[in-house]
Amino acid sequence: MTATQISIRSLNYSDLPQVIAVERRSFPTPWSLAMFVLEFSKPSSVCLAAIEAGKLAGYLICARYDRVWHLMNIAVDPDARRRGHGHRLLEALLDRVGPEESYTLEVRTSNAPAIALYERFGFRPAGTRPRYYQDTGEDAMIMWRTAEMTSTSGAAG
Ligand SMILES: CC(C)(COP(=O)(O)OP(=O)(O)OC[C@H]1O[C@@H](n2cnc3c(N)ncnc32)[C@H](O)[C@@H]1OP(=O)(O)O)[C@@H](O)C(=O)NCCC(=O)NCCS
């Protein structure tokens with residue numbers, strides 16, 4: 001079987017129609033166009049695209065608040081999942097920002113695929129935010145990845 005050819009580059013404003021299409025196919029309560037534009041406009045944001053066969057297959061948005069990087073959004077088109085795009089996006093983030101930096105995120109406690117991906121990159125659970133998601137009332141799991149944690153676990157990245 002031929003390995004999937006994935007390339008990673010910065011997201012552009014011209015990617016937004018494809019980003020919105022993937023977003024709507026990925027989340028019960030998708031981000032609006034305005035939310036993406038806001039994140040794009042922040043100087044500290046890292047916004048990455050995963051490209052397969054010339055087409056946007058996934059994206060990642062991460063923003064720095066104080067000294068901590070917050071993974072704000074990551075999604076891969078349902079038709080392109082489980083082919084390594086999520087892995088490559090997180091790998092590229094750690095390459096660009098630095099594996100020694102501190103990262104945090106929130107994830108639905110039921111989102112096993114995302115939690116498995118994050119755990120592979122050394123993120124670990126660090127509490128919950130009860131009823132964080134207004135659409136379903138589901139709890140959020142808070143996850144962190146710090147240099148101290150990964151130096152002892154041998155995590156990817
Ligand atoms: C989470 C998501 C981004 C993963 O993207 P992906 O491109 O399918 O992930 P990858 O193919 O790079 O998988 C990397 C690893 O993550 C884990 N993983 C990914 N999908 C998984 C699944 N359905 N079940 C179990 N583990 C999974 C595995 O460890 C996998 O490695 P492996 O394939 O060698 O076993 C994708 O499922 C998605 O877009 N989900 C909807 C949006 C979402 O929930 N985003 C996260 C919000 S917090």
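Small disclaimer: the values here were computed from a predicted structure and weren't measured. Ligands are counted one by one from 1 in listed order, and the atoms in each one are counted from 1 as well.
- At a threshold of 4.5 Å between non-hydrogen side-chain atoms, the residues Y103 and L71 do not count as touching.
- Shortest contact from atom 14 (C) of ligand 1 to any protein heavy atom: L117 CD1, 3.6 Å.
- Nearest protein heavy-atom contact of atom 42 (C) of ligand 1 is F27 CZ, 3.4 Å.
- The nearest non-hydrogen atom to atom 26 (N) of ligand 1, considering only A116, G58, G84, comes from A116.
- Looking at L16 and F40, their side chains come closer than 4.5 Å, going by heavy atoms from C-beta outward.
- Contact atoms of ligand 1 toward V107: 48 (S) (distance under 4.0 Å to a heavy atom of the residue).
- Shown here is R131, whose CZ atom has no more than 12 heavy atoms of other residues, nucleotides or ligands within 6.0 Å.
- Shown here is R24, whose CZ atom has no more than 12 heavy atoms of other residues, nucleotides or ligands within 6.0 Å.
- Considering T4, L90, V22, V76 only, the shortest heavy-atom separation from atom 5 (O) of ligand 1 involves V76.
- For the pair R108 and Y133, the cation-pi criterion (under 6.0 Å, within 45° of the ring axis) is fulfilled.
- Residue H85 has at least one heavy-atom neighbour below 4.0 Å for each of these atoms of ligand 1: 7 (O), 12 (O).
- Taking 4.5 Å as the limit, some side-chain heavy atom of W31 sits within range of a side-chain heavy atom of I61.
- Under the 30°/60° scheme for interplanar angles, the aromatic rings of H70 and Y65 are found to stand perpendicular.
- Residue N111 has at least one nitrogen or oxygen atom sitting less than 3.5 Å from a nitrogen or oxygen atom of ligand 1, judged on distance alone.
- Annotation: side chain of I6 is not in contact with side chain of I51 (no heavy-atom distance under 4.5 Å).
- By heavy-atom distance, the residue among D77, L71, L105, I74 lying nearest atom 45 (N) of ligand 1 is I74.
- In terms of protein heavy atoms, atom 7 (O) of ligand 1 is closest to G86 N, 2.9 Å.
- Closest to atom 25 (C) of ligand 1 by heavy atom, among E106, M141, R82, is R82.
- Relative to atom 18 (N) of ligand 1, the option among A114, A140, P113 with the closest non-hydrogen atom is P113.
- Across all their heavy atoms, V76 and G86 have their closest contact at CG2-N, 3.9 Å.
- For atom 2 (C) of ligand 1, no protein non-hydrogen atom is found at a distance below 4.0 Å.
- Contact atoms of ligand 1 toward Y118: 46 (C), 47 (C), 48 (S) (distance under 4.0 Å to a heavy atom of the residue).
- The nearest non-hydrogen atom to atom 32 (P) of ligand 1, considering only R120, R81, H87, comes from R120.
- Every pair passing salt bridge (charged side-chain N to carboxylate O under 4.0 Å, His left out) that includes a residue from residues 31-48 is listed here, sequence neighbours excluded: E39-K42.
- With ligand atoms numbered from 1 in the order given, ligand 1 contributes 11 (O) to contacts under 4.0 Å with heavy atoms of R83.
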